[in-house]
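Quick caveat, the model's predicted, so the values are computed rather than measured.
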Amino acid sequence: MAQTQNRPVAGVIWMLVTGVMFVAVTAIVKFVGSDLPAAEAAFLRYLLGLVFLIPMIGPIRRAKLTPRALKLFGFRGVVHTLGVTLWFYAMTQISIAEVTAMNYLAPVYVTIGAAFFLGEKLALRRILAVVAALVGAMVILRPGFRELSPGHFAMLITAVMFAGSYLSAKVMADEVSPAVVVGMLSITVTIGLAPLAAMVWVTPTLEQLGWMFLLACFATAGHYTMTLAFQAAPVTVTQPVTFLQLFWAVLLGALVFDEAIDGWVVFGGFIILAAVSFITWREARLKRATTPPVPATKV
């Protein structure tokens with residue numbers, strides 16, 4: 001691994017590809033729009049994506065998960081299910097740029113959660129970075145200066161849910177292989193979304209099923225290229241590159257979906273990501289790693 005951590009150009013390139021993959025995910029969700037209920041669209045994304053779990057069946061069976069591990073995976077499945085559902089809902093309510101920018105809050109919530117639940121120490125510099133990130137969120141939302149949509153509130157909760165999912169995954173990553181962590185997430189979220197999708201079920205067309213499978217492909221590819229980026233270079237190198245996802249999201253919203261470019265959203269997103277990048281840099285200096293890279297909290 002020491003050799004693979006010395007290729008910053010490759011790491012940046014793979015993270016750029018990762019950003020394109022995840023922006024493609026948001027584009028497909030935005031394109032399908034309200035034709036499918038949020039819970040159903042999320043369920044189809046995970047159900048159709050189960051095909052990618054085939055290589056993980058063996059490691060999951062050999063893991064011999066304890067009751068404690070099953071409870072933690074179950075908890076992660078619940079919070080991730082809620083987060084994914086709210087994320088899909090937010091995509092139908094607010095702009096792609098706003099969803100992308102507000103998703104940057106998840107790593108900040110992880111930092112706060114790690115202090116409360118994992119015993120991490122919150123030094124003054126990290127506290128100031130967290131405050132800066134929350135200021136960035138206020139810049140995006142601007143409460144009192146414009147009407148807030150249910151989509152904004154959905155994204156605030158989504159970031160909290162994804163943070164809870166990441167923290168539980170971090171605990172389990174010390175006990176089982178990454179394949180088991182990823183595989184159990186897909187299984188539990190698919191199960192969790194099934195009853196929610198059934199309550200609002202609308203029979204999808206073949207075209208819609210095709211889009212949802214393509215969505216699963218892009219999401220899986222994004223997580224894979226993100227792994228390649230982390231193998232090539234430290235997170236401190238690749239983390240700032242994730243800001244370009246907001247740039248692509250703004251362009252996509254403006255050129256394809258006729259969404260107005262909001263400079264406050266871009267500015268607020270930059271503040272949040274700068275705060276996350278600072279926290280990541282400090283953790284690297286202190287040789288610890290709790291705060292996740294931004295793409296790690298994607299659907």
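Counting only distance, with no hydrogens or angles, the side chain of R146 and the backbone of L141 share a donor-acceptor pair below 3.5 Å. No donor-acceptor pair under 3.5 Å is formed between the side chain of T220 and the backbone N or O of C217.
For the atom pair T85 OG1 and M161 CE, the distance stands at 11.5 Å (nearest 0.5 Å). Rounding to the nearest 0.5 Å gives a distance of 11.0 Å between CG of L105 and OG1 of T158. L215 contributes atom CG, which lies 9.0 Å from atom CG of L48 (distance to the nearest 0.5 angstrom). For the atom pair CG (L36) and CG (L44), the distance works out to 6.5 Å, reported to the nearest 0.5 Å. We find the OG1-CG distance between T26 and L252 to be 6.0 Å, quoted to the nearest 0.5 Å. We find the CD1-CG distance between I272 and L134 to be 8.0 Å, quoted to the nearest 0.5 Å.
Between G151 and A90, the closest heavy-atom pair is O-CB, 3.6 Å. Pairing each heavy atom of I94 with each of E259, the nearest pair is O-OE2, 4.4 Å. What you find for W264 and V139 is that their closest heavy atoms are O-CG1, 3.4 Å. Nearest approach of G269 to I140, heavy atoms of both residues: N-CD1, 3.8 Å. Of all heavy-atom pairs between S95 and K30, the closest is CA-NZ, 4.2 Å. Across all non-hydrogen atoms, the minimal contact from V181 to A169 is CG1-CB, 4.0 Å.
Between M21 and T18, every side-chain heavy-atom pair lies at or beyond the 4.5 Å cut-off. Taking the side chain as every heavy atom from C-beta outward, I271 and M138 never approach each other to under 4.5 Å. Side-chain contact check for W211 versus E207: some heavy-atom pair is nearer than 4.5 Å. Counting heavy atoms from C-beta on, the side chains of Y224 and W14 never come closer than 4.5 Å. V29 is not listed as a side-chain neighbour of R45, based on a closest heavy-atom distance of 4.5 Å or more. Between V84 and T81 the shortest side-chain heavy-atom distance does not fall below 4.5 Å. Counting heavy atoms from C-beta on, the side chains of L156 and H152 never come closer than 4.5 Å. By the 4.5 Å heavy-atom criterion applied to side chains, F278 and R125 are counted as neighbours.
A salt bridge is absent between E175 and K64: the closest approach of a Lys/Arg side-chain nitrogen to an acidic carboxylate oxygen does not fall below 4.0 angstrom.
M226 and V9 end up in different hydrophobic clusters when Ile, Leu, Val, Met, Phe, Trp and Tyr side chains are linked at under 4.5 Å. Linking Ile, Leu, Val, Met, Phe, Trp and Tyr whenever their side-chain heavy atoms come within less than 4.5 Å puts V110 and L72 in one cluster. Linking Ile, Leu, Val, Met, Phe, Trp and Tyr residues whenever their side-chain heavy atoms come within less than 4.5 Å places I157 and F75 in a single cluster. No path of Ile, Leu, Val, Met, Phe, Trp and Tyr side chains, each step under 4.5 Å between heavy atoms, connects V202 with L209, placing them in separate hydrophobic clusters. With hydrophobic clusters built from ILVMFWY side chains whose heavy atoms lie under 4.5 angstrom apart, I96 does not share a cluster with Y89.
Heavy-atom contacts from other residues, nucleotides or ligands closer than 6.0 Å to CZ of F257 number more than 12. Atom CZ of F52 has more than 12 heavy atoms from other residues, nucleotides or ligands within 6.0 Å. Around atom CG of L255, more than 12 heavy atoms belonging to other residues, nucleotides or ligands sit under 6.0 Å away.
Below 30°, between 30° and 60°, or above 60°: for F162 and H80 the angle between ring planes is between 30° and 60°, a tilted geometry. Under the 30°/60° scheme for interplanar angles, the aromatic rings of F22 and H223 are found to stand perpendicular.
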Distance-only check: which donor-acceptor pairs under 3.5 Å involve side-chain atoms of residues 187-200, not counting sequence neighbours?
{"residue": "T188", "atom": "OG1", "partner": "M184", "partner atom": "O", "Å": "2.8"}
{"residue": "T188", "atom": "OG1", "partner": "L185", "partner atom": "O", "Å": "3.1"}
{"residue": "T190", "atom": "OG1", "partner": "S186", "partner atom": "O", "Å": "2.6"}

Would you please test Q245 and Y104 for side-chain contact (heavy atoms from CB on, under 4.5 Å) and show each step?
CA-CA 10 Å; Q245 292 183 32; Y104 291 163; 4.0 Å; yes
Using salt bridge (charged side-chain N to carboxylate O under 4.0 Å, His left out), reason through R142 and E98 one step at a time and then give a plain yes or no.
CA-CA 12 Å; R142 303 190 300 284; E98 288 175 304; over 6 Å; no
From CA spacing to verdict: side-chain contact (heavy atoms from CB on, under 4.5 Å), F218, L214:
CA-CA 6 Å; F218 276 123; L214 187 61; 3.6 Å; yes
Applying side-chain contact (heavy atoms from CB on, under 4.5 Å), run through W248 and T100 and close with a yes or a no.
CA-CA 10 Å; W248 305 135; T100 303; over 6 Å; no
Take M155 and V99 through the side-chain contact (heavy atoms from CB on, under 4.5 Å) test and state the conclusion after the steps.
CA-CA 7 Å; M155 276 308 300; V99 170; 3.9 Å; yes
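When hydrophobic residues (I, L, V, M, F, W, Y) are linked wherever their side-chain heavy atoms come within less than 4.5 Å, the members clustered with L124 are L128.
Residues satisfying the salt bridge (Lys or Arg N to Asp or Glu O under 4.0 Å) test with E40, not counting sequence neighbours, are none.
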